[in-house]
Amino acid sequence: MAQNVVRYNLTVTDTMVNYSGKAKRAIAVNGQIPMPTLTFTEGDIAEIVVHNKLKESTSLHWHGVFLPNQEDGVPYLTQMPIAPGETFTYRFPVIQNGTHWYHSHSGFQEQIGMYGSLLFLKKKDDPTFRKGIDDLPQVPLILSEWTDIKPENVHRMLHNANDWFAIKKGAVQSYTEAIQAGHFKTKLKNEWKRMLAMDVSDVYYDKFLINGKDESWLPQFKAGDKVRLRLSNGGASSYFWLTYAGGRITVVANDGNDVEPVEVDRLIIGVSETYDIVVTLPEEDVAYELLATPEDRTKSASIYLGQGRIQLNSRLPKLNYFEGMKMMNGMMNMDGSMDDMGMDMSYQKMDMNIVMYPEITGNTPIKSGGLKEQNGHSTHLNRDITTLNYGMLKAPQPTTLPKEAPVREFRFELTGNMNRYVWSLDNKILSETDKILINKGENIRIVLYNGSMMRHPMHLHGHDFRLLNGQGEFAPLKNVLDIMPMETDTLEFSANMEGDWFFHCHILYHMMAGMNRVFSYKNQTPNPYLPNKVWAYKKLQSESNMFHFMAENDFASNGNDGKIMVQNTRWSLGAEWRLGYHDEHGYETEVHIGRYIGKNQWFMPFIGFDWRYRKQHGGHEKNLFGQTSTKDHRAVLSLGAEYTLPMLIQLQGEVFIDGKIRFQLMREDIPVSPRLRGAFMVNTDKEYMTGFKYILTRNLSISTHYDSDMGVGVGATLNH
């Protein structure tokens, strides 16, 4: 019997959206965001024709799908990008069922609209068909987020440690806030250990969305109905807490695979994960809220099931960041390594962030709950909240791998550097590694330890893996592992689909920073879509080690000073200048090119060039070593190094080719209050500076400083 071919045409175009009152560029497919829901039945042939009407290349990846490697949709790894004006057809047999999703794997396109639901239905005669689950009415829901800032700028800001997002979230954790919260010692210890403030999610978003809207209705359901919601997290970097106002949530599938039903009060869905949940409408004439709250709890998105009075969910209260900071201080050593304090943590069974949850710890005001006609919030305290963790997931059928197959084991430490936003495996990014060669027919075991302070949703393309969570032969099958800080998790899969398969963190900005590997089958059939695989892989590697630009300029009453920097994972090229308005104040510029050393990147040797001029009346100044400081005409090269001391103070030492030596201590961006930043500099040339800036917008601050050469200045600081 001929297989049923199900064909979709997808046209990718530029569009404008307005989620926040400002019109911004986005990408639509068939004129809509999210992209259309694509539905197939197991046994179909999927044929998806992509028409690229953009002025840039694009691609589509079928998340969680078993398919020939050339159809996987990763530019430069499984295909060449779909060029502007081109049409490309993806064609593959549907050999599985479950809830999946699809998205662009090109640049940051996923963040601006290129994500959609992908459903594979069971055949009517499927022996795994579950009455009361697979025959329920079902609704695909895809969660996402929107930022008005171009995602390329978001990425650059993260690399430059710009804390505008923390200001917008109310999460700066400044010294003033620490004192008010009784956590001054906590803040001091945090900075003594050279850590930035506690971070939960990296980016501030203007809106959170369910199926493209922050609020929507499913009025077709009535009292007594059970509904299967097929949820995908299509967000670029947001985890979502899911709660339901009509009672408990029954989890029936995860990452496209059935699990034994388990009832919970709430669950957190990691970036790129999918969950199928069953909810019930208990009463007539009530619309029950399904609430999706991002992990940082800044906003939320809602969808209401039923009609009538709206039953709202308890809102998740603001995180206790300083409690999280205190916990983090206890887990970090002075050398930047993690101290697990002897705890054996795995599979989300111990949520270290619980200290920040007021609804669990009880540090929250309690308001009355109940029905609301339209909008309003109700909160109730419940210390007995059941939260889903991976240990609760159990496959309905055995998932054991072939016993006779040879086993190959890999161990990776998930490594990160929040200060410079470097994300890696074993302190290596994709551009610093070769493909991992494996043999078809092997059982591959991967042991992951998260040595960073962030969660990472690690996704394997083209395969499901068994998560060894204590359920024995019924270990659940997944394709995304959300691994929490300090956890060690083990997964295993059968190497049965030849090709080159991406393994990466699915937080878009972590992936683009280099947290990737490629599993490559030996002796694989050549990929007709990649005529030059060696060149293409180098292109893929370069995308995760791009250079990032930063510039700042202070227009002050006593002169002009600023800096520019271009950096990637290891290298830094920076220039700074101070220009007086007359010769007595002088003019100077310094240029440094250096390479960061070590996992924490606290040490950077560099080559420098120092040029300065200042008109002097009389004798030359001497530095602390008794050497004459020549500032009237100075142009010299230097060798030096920069080191990050406790309290995030930069120690810089230089030896110049004319024999002069200079040491300097400096710190910028001391968080005095949520928007007020302090700075200071002192060096052995007897120069010093102190100043403050008050942040008005993402790119503008008002500032004042005192400089030993130029005196007092007041002005405005622009940054980019």
Side-chain angles (χ1 to χ4, degrees), residues 145 147 157-158 161-205 208 237-241 266 268 270-271 293-300 314-332 336 338-339 350-365 377 379 381 383 385 387 416-419 421 450 452-456 484-486 507 509 647-648 669-678 695:
E145 76 275 273
T147 169
M157 290 167 66
L158 292 169
N162 184 311
D163 64 355
W164 177 246
F165 295 137
I167 291 172
K168 294 289 284 181
K169 290 190 207 183
V172 173
Q173 301 152 63
S174 65
Y175 275 100
T176 302
E177 293 166 292
I179 292 167
Q180 290 170 344
H183 276 284
F184 179 64
K185 287 183 179 178
T186 303
K187 180 66 177 174
L188 275 179
K189 189 173 183 180
N190 178 250
E191 296 204 333
W192 181 255
K193 290 193 171 186
R194 294 174 274 200
M195 287 188 287
L196 297 175
M198 181 72 190
D199 199 10
V200 172
S201 50
D202 301 326
V203 184
Y204 172 82
Y205 286 102
F208 296 95
S237 69
S238 298
Y239 284 69
F240 289 93
W241 284 105
R266 67 180 186 181
I268 192 166
V271 176
T293 308
E295 195 184 10
D296 62 16
R297 305 183 174 192
T298 47
K299 294 182 174 72
S300 60
S314 303
R315 264 40 191 174
L316 294 179
K318 186 177 178 181
L319 294 170
N320 289 328
Y321 278 105
F322 286 110
E323 291 296 336
M325 183 184 285
K326 187 176 181 180
M327 172 200 68
M328 184 171 67
N329 289 346
M331 295 192 306
M332 295 294 288
M338 304 267 290
D339 181 359
M350 188 186 301
D351 185 353
M352 296 297 287
N353 284 341
I354 203 167
V355 298
M356 293 193 288
Y357 303 155
E359 73 278 10
I360 303 292
T361 62
N363 300 322
T364 183
H377 297 167
T379 63
L381 186 65
R383 297 171 192 272
I385 296 170
T387 302
N417 177 343
M418 280 300 297
N419 298 41
Y421 210 75
N450 186 359
S452 80
M453 284 303 303
M454 298 289 285
R455 308 175 80 124
H456 297 286
M484 298 175 73
M486 293 200 309
I507 293 175
Y509 302 101
M647 302 304 294
L648 297 166
D669 289 321
I670 302 167
V672 180
S673 77
R675 288 180 181 261
L676 184 65
R677 302 289 178 271
I695 299 168

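When a residue number appears, it is its place in the shown sequence, counting from 1.
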For [X], all residues meeting side chain to side chain contact (heavy atoms under 4.5 Å, CB included), sequence neighbours excluded:
X      : result
Ile167 : Asp163, Trp164, Val172, Arg675, Arg677, Ile695
Thr387 : Trp241, Arg266, Ile385
Ala161 : none
Lys189 : Lys193, Asn329

Min side-chain heavy-atom separation [X]-[Y] under 4.5 Å:
X      : Y      : answer
Val200 : Met356 : yes
Glu323 : Thr361 : no
Pro671 : Gln173 : no
Ser238 : Tyr205 : yes
His183 : Met325 : no
Met486 : Met331 : yes
Leu188 : Met647 : yes
Asp669 : Leu648 : no

Restricting to non-hydrogen atoms, name the atom on Ser300 and the atom on Pro294 that form the minimum distance, rounded to 0.1 Å.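 Minimum heavy-atom separation between Ser300 and Pro294: CA-CD, 4.1 Å.
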
What heavy-atom pair brings Ser452 and Pro485 nearest, and what distance separates the two atoms?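 Residues Ser452 and Pro485, closest heavy atoms: O-CB, 3.4 Å.
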
Is it the case that the side chain of [X] and the backbone of [Y] share a donor-acceptor pair, with hydrogens and angles ignored and the cut-off at 3.5 Å?
X      : Y      : result
Glu295 : Ser201 : no
Ser237 : Ile507 : no
Gln180 : Ala178 : no

Working to the nearest 0.5 Å, report the span between [atom1] of [X] and [atom2] of [Y].
X      : Y      : atom1 : atom2 : result
Lys169 : Thr298 : NZ    : OG1   : 6.5 Å
Asn419 : Leu196 : CG    : CG    : 4.0 Å
Ile354 : Ile360 : CD1   : CD1   : 5.0 Å
Phe240 : Phe208 : CZ    : CZ    : 6.0 Å
Met484 : Ile268 : CE    : CD1   : 7.5 Å
Tyr204 : Met157 : OH    : CE    : 12.0 Å

For Lys318, check side chain to side chain donor-acceptor pair (under 3.5 Å) against everything at least two apart and list the hits.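 With neighbours one apart ignored, the set is empty.
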
Worked verdict on Met454 versus Met418 for side chain to side chain contact (heavy atoms under 4.5 Å, CB included): CA-CA 9 Å; Met454 298 289 285; Met418 280 300 297; 4.1 Å; yes

Can you name the salt bridge (charged side-chain N to carboxylate O under 4.0 Å, His left out) partners of Glu177, sequence neighbours left out?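 Glu177: no salt bridge (charged side-chain N to carboxylate O under 4.0 Å, His left out) contacts found.
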
Using the ring of Tyr175 (Phe, Tyr or Trp, six-membered ring only), decide whether Lys187 places NZ or CZ under 6.0 Å from its centre and within 45 degrees of its axis.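 Judged by the rule, Lys187 and Tyr175 form a cation-pi pair.
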
